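Keep in mind that this is a model prediction, so the values were computed, not measured. In what follows, every heavy atom counts, from backbone to side chain, and hydrogens, waters and symmetry copies are set aside. To find a chain, count down the sequence lines: A is the first, B the second, and so on, and within it residues start at 1.
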Number of protein chains: 2
Amino acid sequence: MTNIIDGLQCGHFDRDSFTALQSAGLSGVVVTCGFWEGTVESLDSLGRWRDLIAENSDVTTIALTPDDIVQAGRDGKVAAILGYQNANLFEGRIRFVELFAELGVRVVQLTYNNQNELAGSCYEAEDSGLARFGREVILEMNRAGMLVDCSHVGNRSTLDAIEASEKPIAVTHANADSLFAHKRNKTDDVLRALGETGGVIGCAAYRNITGDHYCKSIENWCEMVARTVEIAGIDSVAIGTDRSHNFTAPDYAWMRMGRWTRGIDYGAASAARPGKAPPPDWFLTLQDMDKIPNGLRSVGFSEEEVEKIAHGNWLRLYRATFRNSDS
Amino acid sequence: MTNIIDGLQCGHFDRDSFTALQSAGLSGVVVTCGFWEGTVESLDSLGRWRDLIAENSDVTTIALTPDDIVQAGRDGKVAAILGYQNANLFEGRIRFVELFAELGVRVVQLTYNNQNELAGSCYEAEDSGLARFGREVILEMNRAGMLVDCSHVGNRSTLDAIEASEKPIAVTHANADSLFAHKRNKTDDVLRALGETGGVIGCAAYRNITGDHYCKSIENWCEMVARTVEIAGIDSVAIGTDRSHNFTAPDYAWMRMGRWTRGIDYGAASAARPGKAPPPDWFLTLQDMDKIPNGLRSVGFSEEEVEKIAHGNWLRLYRATFRNSDS
C-alpha cells in the first residue's frame with residue numbers, strides 16, 4: 001500500500017479518526033491544534049492532543065522528526081504532526097516560537113482568516129504583505145525548526161514569506177486559483193515561487209475551494225493534482241485535504257467568527273451555501289483516501305511521481321525544516 | 001489661567017506628575033495605560049492606575065465623562081482620562097471593547113508600532129488600510145463610547161478609520177508631516193479629512209517627531225500649531241504633547257522592542273540618536289506647559305481660538321464620543 005502523508009486535517013479527532021486513517025494507509029497527518037486560540041488556550045489544546053495520542057498509542061504517535069513519520073509507517077501507525085492554523089499561540093512574543101517548538105509544534109500558519117501582526121490574510125480587502133513581526137517570526141521558525149504555512153495567508157504575503165524565509169515553506173492546504181478561482185487558492189506566481197524554492201502545496205479536497213468538477217470523482221481530483229504539478233513542478237505538489245473530523249455548527253462558528261465579530265462570516269463558504277460543504281463524491285469516508293494512489297496512477301503519474309505526491313515531497317520538506325531533522 | 005487638556009502623555013506618573021500638571025493649569029490628560037500588553041496585563045495596569053489616582057485624590061481623579069474634566073478644572077484637579085496605545089487589551093475579542101469601556105477606558109489606539117488585526121502601522125513598509133477586525137472594533141468603540149486614536153496608525157489606515165467610524169476620531173499625538181517629515185506624522189490629506197469630519201489632532205512636543213526648529217521656543221512650537229490649523233482648521237487642532245514621565249532605558253526598550261523582536265528598533269528615534277530625545281528647549285519641566293496659552297496668543301490666535309486649542313476641541317470631541325456623554 002502506498003504510504004500517504006496528509007498536510008492538513010482539522011477537527012475533533014477520536015480513536016475512530018486514527019483507525020480510519022490507518023486503514024487508508026496514512027503514515028502521517030498534520031493536525032490542527034488551534035485557530036484563534038492565544039497562548040494559554042493553545043497550551044490547553046496541546047495538552048489535550050498529547051493525552052488523546054497517548055491514549056491511542058497503539059495506532060498513533062506524535063511525530064517530532066520526519067523519521068518518526070517513517071517509523072510510524074513501518075509500525076502501521078499514523079503519526080500526528082502538531083500544527084496551528086494561526087500565530088496567536090505566540091501572542092506577539094518572538095521567544096515563544098522556540099518554546100512551542102520544544103513542546104513539539106512543527107507547523108504554524110502565519111495567519112488564519114484575518115490580518116494579524118505577521119501578515120495579510122486571503123480574506124482581507126488588501127494584503128499588506130509580510131509585516132515586521134512576520135519577518136522576525138519566519139526567521140525564528142527557521143531557526144527553531146518549524147515549518148511556515150501560508151495556506152490562508154494572502155498571495156502577496158505568501159510571496160514575501162517565500163522570499164524572507166531561509167528555508168522552503170508550505171501551503172499545506174489550498175488549490176491553484178487558476179484551476180478553481182477562490183480567495184483561499186493560490187495564484188500561479190505563488191505556485192511557481194514555491195516550486196523554485198523547494199516549497200510544497202498540499203492539494204485540498206474541501207469542496208468550497210476545490211469546486212464541484214474536481215470533487216466529482218477521484219480521477220477528476222487527481223486531474224487537478226496533475227494540472228497543479230504542471231504549474232508548481234513534481235517536487236512541489238502533495239496532499240493537504242483540509243478534511244475535518246466531527247465538526248458541528250459551533251465548530252464552524254468558531255472557525256469563521258471566532259471572537260472577532262458579532263456578525264456572520266462565511267469563511268470559505270458563502271451566503272448561498274453557508275453550512276458544512278458536502279465532501280467530494282469520492283471522499284465520503286476517511287477510508288476513501290486509499291483511492292488516491294491509484295487515482296494518481298490513472299491520470300498518468302509514474303510510480304516515482306505517485307510516491308512524491310503521496311508522501312515524498314512532504315517528507316523532503318519536513319527534513320529541510322523540522323527541528324532535529326538530522327537525528 | 002487658561003485651562004489645558006493634553007491629549008496624550010505616558011510613562012510612570014507619580015504624585016509629582018499630577019501636582020506639576022496641576023500647577024501648569026491642566027484640567028485633563030489622557031494617560032497611557034499600555035503599549036503591548038494583552039488583556040490580563042492591561043487589567044493589571046488599569047488596577048495600578050486606579051490605585052495611583054485614588055491615592056492622590058486631592059489632586060487627580062478619573063474622568064469618565066467630559067463633565068468630569070470640567071469639574072476637575074473647577075476643583076483645581078487634573079482629571080486622568082484612561083487610554084491605551086494599542087488594541088492588544090482586547091486580544092481579538094470584539095466583546096471586550098464594552099467591558100473595558102465599563103471599566104473606564106475612554107481612548108484606544110488601533111495599533112501601536114506594528115501592524116495588527118485592526119490596521120496598518122506608520123512603521124510598516126506597507127500600510128494595509130483598515131482590516132476586517134478594525135472595522136468591527138471601530139463600530140463597537142463608537143457604540144461603547146470610546147474615542148478611536150490613530151496616532152501611530154498608518155496614513156492609509158487612518159483615512160479608512162475616519163471613513164469607517166460613525167463618530168469623529170482623534171490623532172492624539174502627532175504632527176503634520178508637511179511641517180516635519182516623519183513616519184509618525186500625518187499627511188495633509190489625513191489632517192484635512194480629520195477637519196472635515198470633526199476629528200482632532202493633538203500637536204506633539206516630542207522632539208523626534210517635532211524637529212529642532214519647532215522645539216527651539218514656545219513661539220516656534222506655537223507657529224507649528226498655527227500652520228497645522230491652516231491645514232486642519234481651527235476646530236480640529238489641539239495639544240497632545242506625548243510627554244513621558246520618569247522614563248528610563250528599559251521603558252524605551254519595552255516601547256520599541258516589546259516582545260516582538262530580539263533586534264533593535266528605534267521607534268521614532270534613529271540609530272544616530274537612539275536614546276531619550278531631549279525635550280523641547282521651552283519644555284524642560286512639566287510646569288512649562290503653562291507657557292502654551294500665551295505662546296498661542298503670541299502667534300496671533302484670538303482668545304476664543306486659544307480656548308479651542310487648549311481644551312475646547314478635545315472637550316467637544318470627547319462629548320461626541322465618550323460613553324455617558326449626556327450625563
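- At a 4.5 Å heavy-atom cutoff, Phe96(A) makes no contact with chain B through either its backbone or its side chain.
- With salt bridges taken as basic N to acidic carboxylate O contacts below 4.0 Å, none links Arg259(A) and Glu117(B).
- In terms of heavy-atom proximity, Gly120(B) sits nearest to Gln115(A) at N-NE2, 4.2 Å.
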Chi angles and distances behind the salt bridge (charged side-chain N to carboxylate O under 4.0 Å, His left out) call for Arg135(B), Glu124(A): CA-CA 11 Å; Arg135(B) 281 180 200 281; Glu124(A) 296 286 354; over 6 Å; no

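- Atom CG of Leu118(B) sits about 9.5 Å away from atom CG of Asn114(A), to the nearest 0.5 Å.
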Criterion side chain to side chain donor-acceptor pair (under 3.5 Å) on Glu136(B) and Thr261(A), from CA distance to verdict: CA-CA 6 Å; Glu136(B) 299 271 339; Thr261(A) 178; 2.9 Å; yes

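- The choice from Asp127(B), Asn113(B), Ile94(B) that makes the most heavy-atom pairs within less than 4.5 Å of chain A is Ile94(B).
- At a 4.5 Å heavy-atom cutoff, Phe90(B) makes no contact with chain A through either its backbone or its side chain.
- More than 12 non-hydrogen atoms from other residues, nucleotides or ligands lie less than 6.0 angstrom from NZ of Lys276(B).
- Between Glu41(B) and Arg93(A) there is a salt bridge, since a side-chain N of the basic residue sits under 4.0 Å from a carboxylate O of the acidic one.
- When the heavy atoms of residues 98-112 of chain A are compared with those of chain B, none of the residues falls under 4.5 Å.
- At a 4.5 Å heavy-atom cutoff, the contact between Ala131(B) and chain A is made by backbone and side-chain atoms alike.
- Phe133(A) contributes atom CZ, which lies 12.0 Å from atom CG of Asn116(B) (distance to the nearest 0.5 angstrom).
- With chain A as partner, the option from Gly134(B), Ser128(B), Ala119(B), Ala125(B) having the largest number of non-hydrogen pairs under 4.5 angstrom is Ser128(B).
- Residues forming a side-chain hydrogen bond (donor to acceptor under 3.5 Å, both in side chains) with Glu140(B) (at least two apart in sequence, or on another chain): Arg262(A), Arg143(B).
- Closest non-hydrogen pair, Arg132(A) versus Trp260(B), comes out as NH2-CZ2, 3.7 Å.
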